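The structure appears right after this line, and notes come after that.
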2 protein chains.
Amino acid sequence: MRRKSFDDQACGIARSLEAIGDGWGFLILREAMFGVSAFDGFVERLGIPRNTLATKLDGLIAHGIMLKEPDQEDGRRSRYGLTPAGEELLVVLLALQQWGNKWRFGRKGPPSFMADRATRRPVSTLIVQDKDGTPLGLGDVTMIAGPSAPAALKRAFKKLPG
Amino acid sequence: MRRKSFDDQACGIARSLEAIGDGWGFLILREAMFGVSAFDGFVERLGIPRNTLATKLDGLIAHGIMLKEPDQEDGRRSRYGLTPAGEELLVVLLALQQWGNKWRFGRKGPPSFMADRATRRPVSTLIVQDKDGTPLGLGDVTMIAGPSAPAALKRAFKKLPG
DNA sequence: TATGAATAGTCTCATTATTAGACTTACAAC
DNA sequence: GTTGTAAGTCTAATAATGAGACTATTCATA
């Protein structure tokens, strides 16, 4: 059966996931952000099957995250790059990386991290906080329906504790 | 064929994705963070097939993100909750939500957002920044190999532009 | 121009994952 | 006991993923 679409859900998280696609989508974005632009570049660095890559790239382009253009210097090549929307997914990758680096590498610590290119110091740790800068844990945060929320969503939030 | 594992990659992003699983994993976490704890609760709110949910929950538990315990008050129920590691994925969901809310809902704006439970003001926007608080764009950031990085990873980073 | 290599895909076929929905088991309420 | 609820499991159909061969186009070079 076809995978169920998340795009109908009135939720920014679901919409983002639908646009990125799946795990391959995130990894393709990681490579695109750090210099890869050629089809075979993604294949070599990720070990992704060629047909899967073609499908994923089409999806990312269709969702306005990546773009494709012919290479001016070599007519055999296409170049894949990030749109402005795609570039803004950096913060998502950073959040994933910081979590994985903290929880998934045990004692020996993370093998890589994002850093300021100029100072080579690690990027600041992302934190959930109030407008005043007060850190917020899970218990301090709630989900609120905006003006455009469908009635069903507002009902769903009513049922939430707190 | 079985989906290729991301877990061998020496990268926090890949490790996080391997632990969360796929799009369903993120959505299960979203529900768990905002009050759902029963098996049928996830089924009803997500529309996820029961067998898929069972598989995904097993994976999240195996990776130390969620936990399962019998309900003390009703012997029929199990309760699914987040571990401390799972709770810290809030920032990942927030990053996804803020991106989706900005880029995926057009003119009418986002239907929901995370807010401070007390003040009901939206949570602060996540930004990639230096330790000093200087905002960093994609061009200002690079990936650096840590002490535990395998040699192949260091070579890979050498090839990157900048 | 002819030849060979590089690049970006596409094609086939085998295997795995996802899905809908019925079914089972255990417990609770009456 | 009877009925209902909760948490899964099972089956069969369909879709996605995988490895690897293959094609088409363009470049480099003799």
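Lettering follows sequence order; numbering is per chain, from 1. Bear in mind that the values here come from a model prediction, so they are computed numbers and not experimental data.
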Please give, in whole Å, the distance from [N] [atom2] to [X] [atom1]?
X        : N       : atom1 : atom2 : value
Met66(A) : dA8(C)  : CE    : P     : 12 Å
Tyr80(B) : dA7(D)  : OH    : P     : 7 Å
Ile48(A) : dG9(C)  : CD1   : C1'   : 13 Å
Leu57(A) : dG9(C)  : CG    : P     : 8 Å
Glu44(B) : dT5(D)  : CD    : C1'   : 11 Å
Ile61(B) : dG8(D)  : CD1   : C1'   : 13 Å
Asp74(B) : dG4(D)  : CG    : C1'   : 12 Å
Asp22(A) : dT16(C) : CG    : C1'   : 15 Å

Is there a donor and acceptor pair, one atom on the side chain of Arg50(B) and one on the base of dA7(D), closer than 3.5 Å? yes
Polar pair under 3.5 Å, donor/acceptor by atom type, side chain Arg77(B), base dA7(D):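 Answer is no: no donor-acceptor pair is held.
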On DNA chain D, nearest-nucleotide positions of Glu73(A) versus Gly47(A): which is more 5'?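 Looking at DNA chain D, the more 5' nearest nucleotide goes with Gly47(A).
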Roughly how far, to the nearest 0.5 Å, is the CZ atom of Arg30(A) from the OG atom of Ser112(A)?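 One gets 8.0 Å once the value is rounded to the nearest 0.5 Å.
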Gap separating the CG atom of Leu93(A) from the CE atom of Met143(B), nearest 0.5 angstrom: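 Result: 8.0 Å between the selected atoms.
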Which listed nucleotide ([options]) is nearest to the side chain of [X]?
X        : options                  : result
Arg76(A) : dA19(D), dA5(C), dA7(D)  : dA5(C)
Ala54(B) : dA7(D), dG18(D), dT9(D)  : dT9(D)
Phe39(B) : dA19(D), dT17(D), dG8(D) : dG8(D)
Asp40(B) : dA6(D), dG9(C), dG8(D)   : dA6(D)
Asn51(A) : dG20(D), dT9(D), dA7(D)  : dG20(D)

Just call it for Asp71(A): base, sugar-phosphate, or nothing, with non-hydrogen atoms closer than 4.0 Å on any strand.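 Nothing, no nucleic acid heavy atom in range.
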May I ask you to say what Thr52(B) touches in the nucleic acid, namely base, sugar-phosphate or nothing, with a heavy-atom cut-off under 4.0 Å?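 Contact class for Thr52(B): base.
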Between Arg76(A) and Asp71(A), does any side-chain N to carboxylate O distance fall below 4.0 Å? no
Is the distance from OP1 or OP2 of dT18(C) to the nearest side-chain N or O of Lys56(B) less than 4.0 Å? yes
Side chains of Glu88(A) and Trp103(B) only: does a donor on one sit below 3.5 Å from an acceptor on the other?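 Trp103(B) and Glu88(A) do have a side-chain donor-acceptor pair below 3.5 Å.
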Of the options Glu69(A), Arg79(A), Lys68(A), which is the one that meets Ser37(A) in a side chain to side chain contact (heavy atoms under 4.5 Å, CB included)? Arg79(A)
